[in-house]
Amino acid sequence: MLQISTIRENPHEVINRLAIKNFDANELVKKVISLDAQRRETQKKLDDNLAEANSIAKEIGVLFKNGKSAEANALKERSAELKTASKELSELLQQIENEQYNVLVLLPNLPHPSIPKGKGADDNIVVAEEGVIPVLGENSLPHWDLATKYDIIDFETGVKITGSGFPVYKGKGARLQRALINFFLDNAVANGYVEVQPPFLVNENSAFGTGQLPDKEGQMYYIVEDNLYLIPTSEVPVTNIYRDIILKAEQLPVKNTAYSACFRREAGSYGKDVRGLNRLHQFDKVEIVQITHPDKSYETLEEMKDYVCGLLRKLELPFRVVKLCGGDMSFASAFTYDLEVYAAAQQKWLEVSSVTNFETFQSNRLKLRFREGNGKPQPVHTLNGSALALPRIVAALLENNQTPVGIKIPKALVEYTGFEIIN
RNA sequence: GGAGAGAUGGCAGAGUGGUCGAAUGCGGCGGUCUCGAAAACCGUUGUCCGUCGUAAGAUGGACCGGGGGUUCGAAUCCCCCUCUCUCCGCCA
């Protein structure tokens with residue numbers, strides 16, 4: 001959520017920046033500003049009213065004590081008038097505030113000034129590419145066939161138990177999952193991230209805090225009976241740890257990492273490009289989150305991006321770093337790098353991580369702030385990234401490392417899997 | 001699932017109708033003392049929204065889990081909701 005002060009002070013800047021995201025903010029900005037003026041005017045009236053009422057109440061108290069009940073009763077009449085007026089004003093104020101809020105949440109985050117305009121994924125900028133793209137033999141297979149061939153992932157049994165998008169990992173497949181999770185967590189911890197194990201279900205307030213609600217409830221699984229949501233990413237519970245908190249400047253940066261299963265309904269996304277592990281309803285992911293001083297967040301963004309690159313390097317996967325253009329960025333993002341690995345059998349780049357700086361967009365909504373010395377609280381910057389999401393990593397590992405004798409495990413993972421080859 | 005208790009400032013914990021944004025203790029910050037530190041002592045210490053001001057600040061309002069009600073006046077009385085804790089039941 002944008003800060004009202006930003007909009008009030010630089011309306012044209014807001015409109016221009018949002019145009020980069022192909023978002024026409026003209027009307028909404030106008031509306032927010034006019035509602036803001038109404039809000040302040042109404043509040044002034046209400047406050048004056050209440051101030052008078054407060055002082056009358058005190059007077060009445062004194063009068064009664066001194067036995068001057070006639071005078072007190074006269075004042076009561078004025079007090080009653082004020083009460084009626086205050087009630088109307090406060091209802092009006094509430095209504096204006098709600099309206100303003102409802103408009104405010106429709107405005108996406110401003111993209112960083114360096115973000116180029118663009119329509120969609122085709123206009124993203126590849127800022128780095130690394131690793132050797134393997135050339136596979138004639139009878140190479142996509143990962144879903146390899147999974148069946150070596151009996152490590154069973155999609156059909158998953159369908160029987162739950163439905164499509166819920167695979168069953170078996171044998172070395174299951175072990176590979178566990179190995180990757182540990183590998184990612186250990187690396188994050190070695191890089192100064194504090195590991196947390198969050199709940200996989202969150203309440204309404206949390207879903208709201210990170211922006212899944214009120215808009216995107218359809219993307220989450222929902223438990224009606226308990227009014228809880230299955231998390232689409234551990235970003236939700238981890239970030240919400242810091243909801244309604246004022247940190248001290250010395251506590252920054254906060255660095256957390258968490259493994260969680262992630263649950264996504266992805267309604268309407270069935271169809272092409274979703275075979276095998278490419279898109280699932282339940283998958284595993286290790287997330288990294290940082291809360292930083294506003295002056296440090298872009299430095300941190302680079303650091304987080306480089307950290308994820310390091311993981312891909314250790315896994316010996318060819319990858320590229322893509323800077324998203326305005327049109328492809330998410331609602332809440334100010335700057336996003338996507339990291340993609342090449343899956344050699346599908347001959348396709350697969351997004352495995354998204355590293356994003358939200359600046360104050362999340363912290364403003366979360367009421368997550370920090371204080372320098374005795375200064376006023378101010379919003380922090382929040383960032384997060386996948387480090388990493390498993391399924392597409394597994395897909396690329398299987399496809400790229402297939403050989404006539406089996407699938408080779410990258411060296412760095414062997415101490416975690418306990419085997420060097422899947423055969 | 002059944003029964004009971006509770007929700008107050010960073011924490012602990014008083015406060016049952018007006019002088020309460022709220023005692024006291026701890027913690028934090030500043031100071032005195034000290035070569036320095038500890039102890040002791042003194043002072044200070046919440047958030048949000050307005051108004052005035054370049055600012056420092058001044059000032060109005062709101063906030064004692066959330067919402068509603070009674071009253072001239074509510075942390076305090078009444079109603080509803082949420083959450084937490086304890087005991088019983090069930091259970092990895």
Side-chain angles (χ1 to χ4, degrees), chain A residues 1-9 32-104 197 199-209 213-214 222-229 237 240-252 254 261 291 360 363-380:
Chain A
M1 192 166 74
L2 293 176
Q3 282 168 282
I4 181 67
S5 54
T6 311
I7 300 172
R8 193 163 59 205
E9 284 154 29
V32 166
I33 290 177
S34 118
L35 284 167
D36 194 51
Q38 288 177 50
R39 194 197 99 236
R40 281 146 65 191
E41 194 193 323
T42 309
Q43 166 133 28
K44 179 96 178 71
K45 283 189 203 156
L46 176 62
D47 286 355
D48 290 347
N49 241 326
L50 292 174
E52 191 182 343
N54 285 343
S55 85
I56 288 180
K58 273 183 191 149
E59 272 181 65
I60 292 176
V62 174
L63 289 172
F64 271 126
K65 245 174 213 165
N66 299 333
K68 300 180 181 169
S69 53
E71 288 173 50
N73 285 324
L75 278 178
K76 278 191 190 181
E77 275 177 40
R78 175 63 185 150
S79 180
E81 280 171 34
L82 286 170
K83 193 179 178 182
T84 320
S86 298
K87 189 167 183 187
E88 276 170 24
L89 282 169
S90 80
E91 273 165 16
L92 179 62
L93 182 63
Q94 188 62 53
Q95 186 199 322
I96 293 170
E97 279 176 353
N98 290 344
E99 215 174 312
Q100 184 180 27
Y101 184 84
N102 290 337
V103 176
L104 219 43
Q197 269 196 30
F200 291 1
L201 279 75
V202 294
N203 60 28
E204 230 173 328
N205 282 340
S206 296
F208 192 84
L213 294 181
Y222 175 55
I223 315 281
V224 178
E225 207 172 16
D226 299 294
N227 194 23
L228 295 172
Y229 297 85
N240 270 285
I241 292 172
Y242 303 97
R243 167 151 52 88
D244 292 324
I245 281 186
I246 301 174
L247 295 163
K248 291 186 187 131
E250 318 73 275
Q251 290 177 277
L252 301 175
V254 172
I291 299 168
T360 61
S363 57
N364 189 34
R365 186 192 273 238
L366 286 163
K367 300 201 180 70
L368 166 54
R369 291 161 293 173
F370 79 106
R371 189 201 309 274
E372 242 160 350
N374 290 324
K376 283 249 169 264
Q378 48 179 315
V380 295

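Order of the sequence lines fixes the chain letters, A, B, ..., with proteins taken first and strands second; residue numbering starts at 1 for each chain.
When the P atom is used for both B:rG10 and B:rU47, the distance is 8 Å, rounded to whole Å. A distance of about 13 Å separates the P atoms of B:rG60 and B:rA22, rounded to the whole Å. The separation of B:rC52 from B:rG69, taken at their C1' atoms, amounts to 37 Å, rounded to a whole angstrom. Between B:rG66 and B:rU82, the two P atoms lie 16 Å apart (nearest whole Å). Between the P atoms of B:rC64 and B:rA7, the separation comes to 14 Å (whole Å). Spacing of C1' atoms, B:rG46 relative to B:rC20, comes out at 15 Å, to the nearest Å. As rounded to the nearest Å, B:rA74 and B:rA62 have C1' atoms that lie 15 Å from one another. Rounded to the nearest Å, the gap between the P atom of B:rU59 and that of B:rG67 is 28 Å.
Note: CD1 (A:Ile96) to C1' (B:rG50) measures 14 Å, nearest angstrom. When rounded to the nearest whole Å, the span between CG of A:Leu46 and C1' of B:rU51 equals 14 Å. Between the P atom of B:rG50 and the CD atom of A:Glu97 lies a distance of 9 Å, rounded to the nearest Å. Regarding A:Glu204, its CD atom lies at a distance of 11 Å from the C1' atom of B:rU82, rounded to whole Å. Straight-line distance from the OH atom of A:Tyr101 to the P atom of B:rC49: 14 Å, rounded to whole Å. The interatomic distance linking A:Gln94 (CD) with B:rG61 (C1') rounds to 15 Å, in whole Å. Whole-Å rounding puts the A:Lys76 NZ to B:rG18 C1' distance at 13 Å. Rounded to whole Å, atom C1' of B:rG1 lies 13 Å from atom CG of A:Asp226.
Taking for each of A:Ile246 and A:Ile56 the nucleotide of RNA chain B with the nearest heavy atom, the 5'-most of the two is the partner of A:Ile246. Two residues, A:Lys248 and A:Ile60, neighbour RNA chain B, and the one matched to the more 5' nucleotide by heavy-atom proximity is A:Lys248.
Looking at A:Asn203 and A:Tyr229, their side chains never bring a donor and an acceptor atom within 3.5 Å of each other. Side-chain contact annotation: A:Ser363 with A:Arg369, donor-acceptor N/O pair under 3.5 Å absent.
Base pairing analysis places B:rA3 opposite B:rU86; the two distances defining the Watson-Crick or G-U wobble pair are each below 3.5 Å. Nucleotide B:rG21: unpaired (no Watson-Crick or G-U wobble partner with both distances less than 3.5 Å). Using N1 to N3 plus N6-O4 or O6-N4 for Watson-Crick, or N1-O2 and O6-N3 for G-U wobble, each under 3.5 Å, B:rC41 pairs with B:rG31. When both pairing distances are held under 3.5 Å, B:rU51 makes a Watson-Crick or G-U pair with B:rA58. Look at B:rU76: it lacks any Watson-Crick or wobble partner with both distances under 3.5 angstrom.
Note on A:Asn54: a side-chain N or O is less than 4.0 Å away from OP1 or OP2 of B:rG61. The phosphate of B:rC72 has neither OP1 nor OP2 within less than 4.0 Å of any side-chain N or O from A:Arg78. Close to B:rC48, at under 4.0 Å from its OP1 or OP2, lies a side-chain N or O of A:Arg369. Applying the 4.0 Å criterion to OP1 and OP2 of B:rU47, one finds that A:Arg371 has a side-chain N or O inside that range.
In this structure, A:Gln251 places its CD atom where more than 12 heavy-atom neighbours from other residues, nucleotides or ligands lie under 6.0 Å away.
In this structure, CD in A:Glu41 is found 4.5 Å from NZ in A:Lys45, a value given to the nearest 0.5 Å.
Distance from the side chain of A:Lys83 is smallest for B:rU70 among the nucleotides B:rG69, B:rG46, B:rU70. Among the nucleotides B:rU51, B:rC72, B:rC48, the one closest to the side chain of A:Arg40 is B:rU51. Between B:rG50, B:rC48, B:rG60, one nucleotide has an atom nearer to the side chain of A:Asp47 than all others, and that is B:rG60. When distances are taken from the side chain of A:Ser79 to each of B:rU47, B:rG60, B:rC72, the shortest belongs to B:rC72. The side chain of A:Lys44 sits closest to B:rG50 out of B:rG61, B:rG69, B:rG50. The side chain of A:Arg39 approaches B:rC49 more closely than any other nucleotide in the set B:rG69, B:rC49, B:rU47.
Nucleic acid contact for A:Leu75: none, since no nucleic acid atom lies under 4.0 Å from a heavy atom of the residue. Within 4.0 Å (heavy atoms only), A:Lys87 reaches sugar-phosphate atoms of the nucleic acid but no base atom.
For A:Asn102 (side chain) and A:Asn98 (main-chain N/O), a donor-acceptor pair under 3.5 Å exists by modelled atom type.
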>> Walk me through whether A:Asp36 and A:Arg39 qualify under salt bridge (Lys or Arg N to Asp or Glu O under 4.0 Å).
In response: CA-CA 5 Å; A:Asp36 194 51; A:Arg39 194 197 99 236; 2.3 Å; yes
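At a threshold of 4.0 Å, the pair A:Arg78-A:Glu81 counts as salt-bridged, since one of the basic side-chain nitrogens sits closer than that to a carboxylate oxygen. Here A:Glu372 does not pair with A:Lys248 in a salt bridge; the nearest charged N to carboxylate O distance is not below 4.0 Å.
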